[in-house]
Amino acid sequence: MFSNPDERTICAMLRAVRTIAIVGLSPTPARPSHRIARALKEKGYRIIPVRPLVDEVLGEKARAGLADIDEPVDLVNVFRAASQLRPIVDDCLRLGLSRLWIQDGIINEEEAIRARDAGMQVVMDRCILRDLNTLCA
């Protein structure tokens, strides 16, 4: 059974992170992924949009996939359906990425456990911005 890290660990993780790859970052300002990414950027995080068929989001060059990122990534934040997590976890593990945040409302225990058991720090079904604003304020 999967359980999230405790709040102290989540806050420490968010303080350590500087660069966040956001899988499924929408170019549409009204979408939650866009609003959250914009707020993270305003708080000083470097964001890297991961979305095929888009050139840029929030002034940042978009990448088609995680393998297309040519700089270190501290955290992968996912805004994709739970059924689409397997290839994302596969990419994270293949690329040796250490942290995975699966956004609020997205639940895939099997993939969260697989990522955690492979050594990744995993948070699932929590909002990164809400936690940043409440746990780490």
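Quick caveat, the model's predicted, so the values are computed rather than measured.
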**Report entry** Arg86/Val89 under side chain to side chain contact (heavy atoms under 4.5 Å, CB included): CA gap, chis, key distance, verdict
**Finding:** CA-CA 5 Å; Arg86 185 168 190 77; Val89 171; 6.0 Å; no

Requested in this report: Any pair with a residue in residues 100-109 that passes salt bridge (Lys or Arg N to Asp or Glu O under 4.0 Å), sequence neighbours left out, goes on the list, sorted by first then second residue, please.
Outcome: Asp104-Arg130

Report task. Mark yes when over 12 heavy atoms from residues, nucleotides or ligands other than Arg31 sit less than 6.0 Å from its CZ; otherwise mark no. Result -> no

Query raised in the report: Out of curiosity, does Ile107 fall in the hydrophobic cluster containing Ile36 (side-chain heavy atoms, cut-off under 4.5 Å, transitive links)?
Result: no

Report task. Kindly indicate whether the side chain of Val73, heavy atoms from C-beta on, has any atom under 4.5 Å from the side chain of Arg99. Result -> no

Requested in this report: Give a yes or no on whether Arg8 atom CZ has more than 12 heavy-atom contacts from other residues, nucleotides or ligands under 6.0 Å away.
Outcome: no

Query raised in the report: With sequence neighbours excluded, what pairs up with Asp117 under the side chain to side chain contact (heavy atoms under 4.5 Å, CB included) test?
Result: Ile113

**Report entry** Euclidean distance, Asn77 CG relative to Ile47 CD1, rounded to 0.5 Å
**Finding:** 10.0 Å

**Report entry** Neighbour count >12 (heavy atoms, 6.0 Å) for atom CG, Asp55
**Finding:** no

**Report entry** Inter-residue atom distance Ile48.CD1 - Asp68.CG, 0.5 Å rounding
**Finding:** 11.0 Å

**Report entry** Derivation of the side chain to side chain contact (heavy atoms under 4.5 Å, CB included) call for Leu135 and Leu14
**Finding:** CA-CA 10 Å; Leu135 300 181; Leu14 292 174; 5.9 Å; no

Query raised in the report: For the residue pair Leu66 and Ile88, what are the closest heavy atoms and their distance?
Result: CD1-O, 4.2 Å

Report task. Examine Val54 and Phe79 and state if one hydrophobic cluster contains both, with Ile, Leu, Val, Met, Phe, Trp and Tyr joined whenever side-chain heavy atoms are less than 4.5 Å apart. Result -> yes

Requested in this report: Answer whether the closest heavy-atom distance between the side chains of Ser98 and Gln121 falls below 4.5 Å.
Outcome: no

Query - Leu75 and Ile128, any side-chain heavy atoms less than 4.5 Å apart - result: yes

Query raised in the report: After noting the C-alpha distance and the side-chain angles of Asp74 and Arg18, does the key distance pass the salt bridge (Lys or Arg N to Asp or Glu O under 4.0 Å) rule?
Result: CA-CA 6 Å; Asp74 300 318; Arg18 296 289 20 122; over 6 Å; no

Query raised in the report: Passes salt bridge (Lys or Arg N to Asp or Glu O under 4.0 Å), Arg114 versus Asp90? Steps please.
Result: CA-CA 10 Å; Arg114 187 166 72 98; Asp90 288 344; 2.7 Å; yes

Report summary line: Here the pair of heavy atoms bringing Leu129 nearest to Ala39 is CD2-CB, 3.6 Å

Requested in this report: With the side chain counted from C-beta on, respond yes when Arg80 and Leu85 share a heavy-atom pair under 4.5 Å apart, and no when they do not.
Outcome: no

Query raised in the report: Among the clusters formed by ILVMFWY side chains lying less than 4.5 Å apart, do Leu25 and Leu95 turn up in the same one?
Result: no

Query - Asn4 and Arg126, any side-chain heavy atoms less than 4.5 Å apart - result: yes

Query raised in the report: What are the two closest heavy atoms between Asp125 and Gly105, and how far apart are they?
Result: OD1-N, 2.6 Å

**Report entry** CD/Gln84: more than 12 non-hydrogen atoms of other groups inside 6.0 Å
**Finding:** yes

Query raised in the report: If you measure from CZ on Arg51 to OG on Ser33, what distance do you get to the nearest 0.5 Å?
Result: 7.0 Å

Query raised in the report: Is there side-chain contact between Gln103 and Val78, with at least one heavy-atom pair below 4.5 Å?
Result: no

Query raised in the report: Can Arg116 be said to sit on top of Phe2's aromatic six-ring, NZ or CZ under 6.0 Å from centre and within 45° of the ring axis?
Result: no

Query raised in the report: Ignoring hydrogens and geometry, is there a side-chain-to-backbone donor-acceptor pair from Arg35 to Ala30 under 3.5 Å?
Result: yes

Report task. With Trp101 as reference, evaluate Ile20, Ile10, Val76 under the side chain to side chain contact (heavy atoms under 4.5 Å, CB included) test and give the passing residue. Result -> Ile10

Report task. Report whether Leu132 and Leu58 are members of the same hydrophobic cluster (ILVMFWY, side-chain heavy atoms less than 4.5 Å apart, transitive linking). Result -> yes

Report summary line: Taking every heavy atom of Ser26 against every heavy atom of Val57, the minimum-distance pair comes out as O-CG1, 3.6 Å

**Report entry** Single-linkage hydrophobic cluster Val50~Tyr45, side-chain heavy atoms < 4.5 angstrom
**Finding:** no

Query raised in the report: Are Ile102 and Leu100 close enough that some pair of their side-chain heavy atoms sits under 4.5 Å apart?
Result: yes

Query raised in the report: Does a side-chain N-to-carboxylate-O contact under 4.0 Å join Glu56 and Lys61?
Result: no

Requested in this report: Evaluate the side-chain proximity of Val123 to Pro5: yes if any heavy-atom separation is below 4.5 Å, no if none is.
Outcome: yes

Report summary line: Applied to residues 36-50, the salt bridge (Lys or Arg N to Asp or Glu O under 4.0 Å) test, sequence neighbours excluded, yields Lys41-Glu60, Arg46-Glu60, Arg46-Glu71

